[in-house]
Amino acid sequence: MQAFKLYTAAKNLQSKIMDITSIIAPLNDAQRAAVTAPSQAMLVLAGAGSGKTRVLVHRIVWQIQVNAVSPQSILAVTFTNKAASEMRGRIENLLDNSANAMWIGTFHGIAHRLLRRHAPEARLPKDFQVLDSNDQQRLIKRLLADLKIDEKELPAKEIQWFINEQKDAGLRSKDLVNSDDKNTIRFLRIYREYELLCDRSGVVDFAELLLRIYELLRDDEHLRRQYQQRFSQIHVDEFQDTNHIQYAWLTLLSPNRDNMFVVGDDDQAIYGWRGAKIENIYKFQSEYPQHKIVKLEQNYRSTGAILNVANKIITNNKGRMGKSLWTQTADGEKITVYNAYNEVDEAKYVVERIHNWVSAGNKRADVAILYRSNAQSRQFEEQLMLTKTPYRVYGGLRFFDRAEIKNALAYLRLLANRNDDASFDRVVNTPTRGIGLKTLDAIRELAHEQKISLWAAANSLIERQVLPNRAANALFNFVNLIEQLERKTINLTLGQKVHFTIEDSTLMAFYSQDKVEKSADKVDNLKELVNAANAFKRDNSEEDLSELTAFLSHAALESGELQADEFDDCVQLMTLHTAKGLEFRLVFLVGVEEGLFPSQQSVNNTGRLEEERRLCYVGITRAMEKLYITHAESRRLYGRETPASKSRFLRELPKEFLEEARPKSDVSRPITAKAPIFTTSKLPPEIKTDSNYQKGQRVHHATFGSGTISSIEGEGTKERALIKFRDDSRWLMTAYTELTVL
DNA sequence: AACACCGCGTTTTTT
DNA sequence: ACGCGGTGTT
């Protein structure tokens with residue numbers, strides 16, 4: 001026995017040595033310093049492409065294999081489910097073992113898990129449900145109607161924003177002092193009513209998950225101690241994106257402040273507008289005096305040219321923590337800047353480059369078109385469609401956000417919890433079953449008066465027989481439908497439950513009676529929901545939950561996970577925000593114009609402008625091999641042709657790494673009001689056979705003012721001139737531009 | 001209950 | 001331009 005023990009110990013030791021090599025060998029000096037640092041307050045400033053996730057993953061494995069930290073003691077928090085599952089996958093890979101025992105998840109996911117475990121202590125019903133922001137808004141709308149508040153005066157959106165902002169700051173309605181301002185008083189009243197309504201319905205919104213768990217840990221010393229002891233190593237990804245309440249609950253979990261390993265990049269903080277506090281990085285340093293900082297500055301992603309340009313632009317921001325990326329890679333190709341006539345020309349140019357790229361044997365999936373706002377995708381989609389190029393636009397409606405899916409889920413939620421007013425409201429008359437506004441008003445009135453749920457109010461109205469016959473029947477049918485459904489499916493599997501729900505609710509029949517083409521998709525989506533339910537497995541941590549409750553929480557918290565087509569070879573179209581964390585060999589940064597990027601709303605505010613600049617930095621650093629930046633002279637915006645000028649960000653880039661794209665010889669004619677319409681002749685008449693302009697001439701333009709022609713090319717309708725105006729040089733089509741020779 | 005019309009706003013997004 | 005939500009019509 002003794003010998004056996006010794007043998008295994010030796011074997012463990014040997015494998016440990018091998019593991020250590022595999023943990024630290026692939027790291028550079030800075031990364032290794034971070035990974036092997038003793039347990040303490042650690043701040044890793046990780047530049048774009050510097051191996052941030054790698055450091056987190058290796059750090060966790062290091063703690064387990066070298067410092068014998070129990071996997072149960074590991075907490076790792078991210079912002080997206082995608083980041084969490086990637087981290088888990090990579091840890092499992094390196095460990096060659098399951099990481100199930102570790103708590104790796106999003107802030108919301110982990111808060112949710114804790115609340116499930118301690119629902120009674122948090123004064124929540126065991127089967128509480130999670131409201132997504134859509135549900136939240138509907139609930140607020142209903143509340144406003146109940147309170148007889150005109151939505152035109154106080155839009156639900158504003159209320160929602162206010163409530164979430166308070167919760168993110170850790171404030172309950174009772175913590176807010178009543179002010180004299182009439183509007184503030186109203187906001188507070190609605191906030192209070194909203195809290196009551198949520199409690200009564202047994203639902204929590206996203207912000208509530210965080211606030212609730214924060215309060216629980218703050219007020220329950222026993223629980224706090226328990227989790228402080230349990231999570232001996234706390235890891236945080238994208239620390240620059242944490243908000244007040246997230247920081248606060250991290251602090252509760254790490255009282256001695258010697259076990260927090262946070263990774264972030266102040267230069268990539270682009271979510272200030274939704275409450276992220278970049279200051280948390282500074283706060284961390286002042287509140288954790290013993291902290292250690294490691295900067296990861298070697299970039300493994302981009303060429304020298306791309307990195308130089310990125311470094312340069314970000315130096316225009318003040319108050320940075322200071323980081324400068326470098327690479328061993330050669331400079332590579334210069335950044336190509338294309339000055340398009342308009343958004344159509346811009347799209348054509350980009351799609352042409354993509355075709356060249358694909359013709360050279362490269363993959364479409366390695367190409368990304370990045371823009372500031374979603375509306376810009378259209379032109380590119382049109383050109384891609386025209387040339388039959390497969391593409392994928394990110395950021396559309398997600399599976400669990402679709403109306404037909406939300407309807408089905410609302411039925412399921414009502415099955416799980418009759419007090420869920422938001423769900424009752426959603427499906428009581430969907431599909432229509434003759435329950436009209438009058439009946440609904442009566443239900444709401446009674447519910448509001450007696451402070452009971454809509455479900456209870458509906459039943460009360462039926463019992464007391466105060467409704468007109470037709471309405472009473474319709475309402476009874478609905479109530480009966482839910483009760484029957486529950487009885488019928490109580491012992492069936494989750495998949496069968498979902499199946500019978502969409503059948504018996506007549507949702508399936510409703511979408512099947514195909515009136516519009518789109519309803520075929522909806523039928524498919526409903527079927528897909530049954531599939532998803534069949535495939536669904538509870539986490540180990542959710543074993544004492546009903547499968548249905550677990551499934552519904554999953555739908556609210558991980559609504560984006562069900563996305564197909566990931567494996568097709570498609571050009572990727574997305575906003576700059578969506579692109580954060582991703583990389584592509586070939587990147588087109590498009591629409592780089594004043595008013596678009598930076599956006600108009602940001603130009604008068606230094607803080608916002610700097611956030612836009614960080615966004616630009618994020619965009620540039622997505623590119624591995626080659627970056628194109630495009631901007632247009634004129635762009636159709638809100639249905640209006642608007643002149644545009646190149647973005648200040650473009651001017652901030654170092655010229656030595658830029659090259660102007662050669663203008664195309666066969667220029668696309670901009671469609672302007674000035675363009676003559678030919679009805680009789682098929683051939684467009686030559687407007688000018690000989691050029692009216694020449695180099696060096698002074699000309700005047702109505703919008704751009706006076707300038708000098710610095711070059712001319714093309715003939716007739718295709719002639720264009722490069723004119724140097726006061727602020728800017730731009731190519732103009734002489735045939736379609738009103739120019740006065742001075 | 002289904003459809004037409006009008007007025008309005010219009011960056012970014014995850015959970 | 002375009003889509004959404006609210007209002008009015010059939």
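So that the names make sense, note that chain A is the first sequence line, chain B the second, and so on, each numbered from 1. Values below: all heavy atoms of this structure, side chains included; hydrogens, waters and symmetry mates excluded.
Taking the six-membered ring for Trp and thresholds of 30 and 60 degrees, H577(A) and Y271(A) have ring planes inclined between 30 and 60 degrees apart.
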For residues 470-477 of chain A, which side-chain donor-acceptor pairs fall under 3.5 Å, sequence neighbours excluded?
residue	atom	partner	partner atom	Å
N477(A)	ND2	N473(A)	O	3.4

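Across all strands, N374(A) comes closer than 4.0 Å only to sugar-phosphate atoms, never to a base (heavy-atom distances). At the heavy-atom level, T432(A) lies under 4.0 Å from the strands shown only through sugar-phosphate atoms.
Closest approach of F478(A) and F424(A) over heavy atoms only: CE2-CE1, 3.7 Å.
Between Q137(A) atom CD and dT14(B) atom P there is a gap of 17 Å when expressed in whole angstrom units. Rounded to an integer number of Å, the gap from F399(A) CZ to dT14(B) P is 17 Å. Distance, L397(A) CG to dT13(B) C1': 14 Å, rounded to whole Å. Atom CG of L576(A) and atom P of dT12(B) are 11 Å apart (whole Å). Distance M574(A) CE to dT13(B) C1': 14 Å, rounded to the nearest Å. Distance CD (Q160(A)) to P (dT13(B)): 16 Å, rounded to an integer number of Å. One interatomic measurement links the two molecules: OH of Y394(A) to P of dT12(B), which rounds to 18 Å at whole-angstrom precision. Between the CZ atom of F206(A) and the P atom of dT13(B) there is a distance of 16 Å, given to the nearest Å.
Each of G436(A) and E612(A) was assigned the nucleotide of DNA chain B with the nearest heavy atom; the assignment lying further toward the 5' end belongs to G436(A). Mapping L437(A) and L615(A) onto DNA chain B by nearest heavy atom places L437(A) closer to the 5' end of the strand.
For the OP1/OP2 pair of dA1(B) and a distance below 4.0 Å, the side-chain nitrogens and oxygens of N429(A) include at least one atom meeting the criterion. Regarding contacts with the backbone of dT12(B), every side-chain N or O of T578(A) stays at 4.0 angstrom or more from both OP1 and OP2. Put simply, S133(A) has no side-chain N or O that comes within less than 4.0 Å of OP1 or OP2 on dT15(B).
A salt bridge links R636(A) with E641(A); the closest basic N to acidic carboxylate O contact falls under 4.0 Å.
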**Per-nucleotide protein contact string for nucleotides 1-10 of chain C (B base, S sugar-phosphate only, - none; heavy atom under 4.0 Å)** = BS----S---
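Checking N134(A), D401(A), D135(A) one by one against K406(A), the side-chain hydrogen bond (donor to acceptor under 3.5 Å, both in side chains) holds for a single residue, D135(A).
Within the 3.5 Å criterion, the main-chain N or O of R172(A) finds no donor-acceptor partner in the side chain of E195(A). For N81(A) (side chain) and L557(A) (main-chain N/O), a donor-acceptor pair under 3.5 Å exists by modelled atom type. Judged by distance alone, with hydrogens and angles left aside, the side-chain atoms of S201(A) form no donor-acceptor pair with the main-chain N or O of V203(A) at under 3.5 Å.
Checking Q160(A) against E158(A) by side-chain atom types alone, no donor-acceptor pair falls below 3.5 Å.
Between the CG atom of L210(A) and the CD atom of E215(A) there is a distance of 11.0 Å, given to the nearest 0.5 Å.
For R398(A), whose side chain is taken as the heavy atoms from C-beta onward, the closest listed nucleotide among dT13(B), dT12(B), dT14(B) is dT14(B). Of the candidate nucleotides dT15(B), dT13(B), dA2(B), dT15(B) has the atom nearest to the side chain of N81(A).
Looking at residues 235-250 of chain A, you'll see that no heavy atom sits under 4.0 Å from any atom of DNA chain B.
Remark: ring of F79(A) not stacked against base of dT15(B); the cut-offs of centroid gap under 5.5 Å and plane tilt under 30° are not jointly satisfied.
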